[in-house]
Amino acid sequence: KLRMLAALCVEVMTKTDPQLFERVVSGLNALIPPKDPATARTLASLGDDIIERLPHSSVALSENEAAATVQTAGLVGGEDAMAVIASFKEDSRAKVQRARIAAWSYFDPADYAASCFGLRSEGWDVILTDPSLIKGLDHVRTMASAHYRFEGPLAGTALLNVENYSVVRSVSLSNNSTLTNLDFLKPLSELRYLGLERCWHISDYEGIRGCENLETLVLRTGYADADISVFENLRQLRRLTLNADMMQSVESVGRFLPNLRELDLSGYVEFSEFARLGPWPQLVSLTLSECESLRQLTGLPSDSLRQLTVSDCVLDTLANVADARELRELSLADLEHLSDFSFVRSLTKLESIKLTRCGIEDLNVLSHAQDLKYVSVSACDDLGDVYGLISLPELQVVELQTTVYDQHDVFAPVVEELRQRGIEVRVDFSGSPFEDNPPEFDTSMDHDAVESLDLDSPFVDYDDSYDVEARPFYYIDPGDGS
């Protein structure tokens, strides 16, 4: 720590005695190779003088040491620093790859790509958050796939500064006030993921038609007048997140999407019954939020649906949820105006239920769901009976939240009995609904139907200071086994 303090002092001094400086640098030999981001930043503060002391091979280094060494060189910059990073070019370990990509922005994109990415039989999967690096992609000698995650104004044509369009597999754009159309998508024939969020000025969505290999589509954009026929070629689409306000209508949209497994729908576009959107022969997960015109949940898939989330919808009834007899997970929120939850008696395979600000009056309706493992009830002010929890033999976790004083006495004896059975019970009288996600349980659902490859996992968070406003990113298996 004292050596690091000395280095930090040298960094801010305007004039330093050469001998003193050499003593400080020599004293830092014990910190080389660096083992973490903090040490990397401290060493980098010494500039070019530290570069010659860094290891030029990762053979004897741990993953953290190799990644921190690459980070140090990246922060220093210059030709000598790039030579250090180039000596690690064959190291494909996750943290080293993340540090390599993060350092890219500090060098000429083409020169860095040609020097610092080695030959790799399976190719490199590269996630870019800096659009200036696109022009360097063609210089990566074995490129498998490129994934764009850009925030802020950016012309669509900027995404095409690469000769081999087929390597671009995912595009995620947010807060982009420049885009007005999606014509730039036409050459990106191998695109698997497209995410557009808060891109308020898009009025022409015709470019989506050519994305025949899309597997995930996220459209949270502004008001428009798009026709649902833009989806007609998306036969491979498995996941759709849609703000319906961009559409003229969403009726019968399901007929274009025969392989859709997950649907997340929001918006004010007129449709009173869910059945009018179908059919949904393979739908596994359904999320409906702020669908102001929706009145009935008719047409829910009876055989395939495993997860259902409904929030802030002006429904007349929840009775039709009883048709989804294979449901495993149910989450309902902001439905205070509904008090009839008798439909839950038909959901005998339910394993997780979360109710937030709902009009439910008692939990005896849960008695038929003998497989329930997780129950969360928050801010349901009309709830007067929770004894139904005692009859659930598989129960593992219970969350109860309220600000209603009378409910304290209702909860107390049930909470005590559940805890005596070894069940984890969380009770909160603060008024804040539980935000934690329910614990993971084996719901025996068809996981193959919702499989995904999260490319964030190979690029482990190593150094937040290097990241450029990282956002959630999802990528779908291209289906070739990789």
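All figures in this text were calculated on a predicted structure; none of them were measured in a lab.
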Point to revise | Sub-6.0 Å ring centroid separation between F256 and F231 | key: no
Review point. L159 versus L173: any side-chain heavy-atom pair under 4.5 Å?
Key: yes
**Study point:** Any side-chain heavy-atom pair of S346 and R325 under 4.5 Å
**Key:** yes
Check your understanding: In Å and rounded to the nearest 0.5 Å, what is the OH to CD1 distance from Y223 to I202?
Key -> 16.0 Å
Point to revise | salt bridge (Lys or Arg N to Asp or Glu O under 4.0 Å) against R345, all qualifying residues, sequence neighbours excluded | key: none
Would you give me the side-chain donor-acceptor pairs under 3.5 Å for residues 359-369, sequence neighbours excluded?
residue : atom : partner : partner atom : Å
D362    : OD1  : N364    : N            : 2.9
N364    : ND2  : D385    : OD2          : 3.1
S367    : OG   : N364    : O            : 2.9

Point to revise | Steps toward side chain to side chain contact (heavy atoms under 4.5 Å, CB included) verdict (L188, L160) | key: CA-CA 9 Å; L188 305 180; L160 304 179; 3.8 Å; yes
Side-chain donor-acceptor contacts of residues 178-186 below 3.5 Å, not counting sequence neighbours, with atom names and distances?
residue : atom : partner : partner atom : Å
N181    : OD1  : D183    : N            : 3.0

Review point. Can you find a side-chain donor-acceptor pair between S58 and D91 that sits under 3.5 Å?
Key: yes
Practice item. Indicate the atoms forming the closest heavy-atom contact of G74 with A103, along with that distance. Key: CA-CB, 3.9 Å
Check your understanding: Do NZ/NE/NH1/NH2 and the carboxylate oxygens of E351 and K349 come within less than 4.0 Å?
Key -> no
Point to revise | Trace of the side chain to side chain contact (heavy atoms under 4.5 Å, CB included) decision for L338 with T317 | key: CA-CA 7 Å; L338 297 178; T317 177; 5.5 Å; no
Study note, to complete from the structure: From the list L137, T129, D130, side chain to side chain contact (heavy atoms under 4.5 Å, CB included) partner of L133 resolves to D130
Practice item. Not counting sequence neighbours, list each pair that qualifies as a salt bridge (Lys or Arg N to Asp or Glu O under 4.0 Å) and has a residue in residues 153-166. Key: none
Check your understanding: Does the side chain of L332 come within less than 4.5 Å of L318's, by heavy atoms?
Key -> yes
Point to revise | Side-chain H-bond candidate by donor/acceptor type, Q236 with N213, under 3.5 Å | key: no
Practice item. List the steps, then state whether side chain to side chain contact (heavy atoms under 4.5 Å, CB included) holds for R306 with E326. Key: CA-CA 6 Å; R306 299 294 191 272; E326 297 296 322; 3.4 Å; yes
**Study point:** Distance (rounded to the nearest 0.5 Å) between R120 CZ and M143 CE
**Key:** 11.5 Å
Check your understanding: Is there side-chain contact between F411 and L383, with heavy atoms separated by less than 4.5 Å?
Key -> yes
Exercise for review: Identify whether the distance between the nearest side-chain nitrogen and carboxylate oxygen of R238 and E262 falls below 4.0 Å.
Suggested key: no
Review point. Side chain to side chain contact (heavy atoms under 4.5 Å, CB included) between Q401 and T403: does it pass, once the steps are laid out?
Key: CA-CA 7 Å; Q401 181 280 325; T403 58; 3.9 Å; yes
Check your understanding: Within 45 degrees of the axis of the six-membered ring of F117 and under 6.0 Å from its centre: does R141 put its NZ or CZ there?
Key -> no
Exercise for review: State, with a plain yes or no, whether a side-chain heavy atom of V168 is found less than 4.5 Å away from one of V162.
Suggested key: yes
Check your understanding: How would you list all residue pairs meeting salt bridge (Lys or Arg N to Asp or Glu O under 4.0 Å) that involve residues 271-283, not counting sequence neighbours?
Key -> E251-R276
Review point. Given side chains that start at C-beta, do those of L237 and E215 come closer than 4.5 Å, heavy atoms only?
Key: no
**Study point:** Under 3.5 Å side-chain donor-acceptor pair for S376 and E399
**Key:** yes
Point to revise | L350 side chain reached by D371 side chain, heavy atoms, under 4.5 Å | key: no
Study note, to complete from the structure: Result for side-chain hydrogen bond (donor to acceptor under 3.5 Å, both in side chains) between Y205 and one of T221, D225, D227 points to T221
Exercise for review: Please list, chain by chain and in numerical order, all residues satisfying salt bridge (Lys or Arg N to Asp or Glu O under 4.0 Å) with D381, sequence neighbours excluded.
Suggested key: none
**Study point:** Test item: H337 side-chain N/O and L315 main-chain N/O as donor-acceptor pair under 3.5 Å
**Key:** yes
Practice item. Using distance alone, with no hydrogens and no angle criterion, decide if S229 and R209 have a side-chain donor and acceptor under 3.5 Å apart. Key: yes
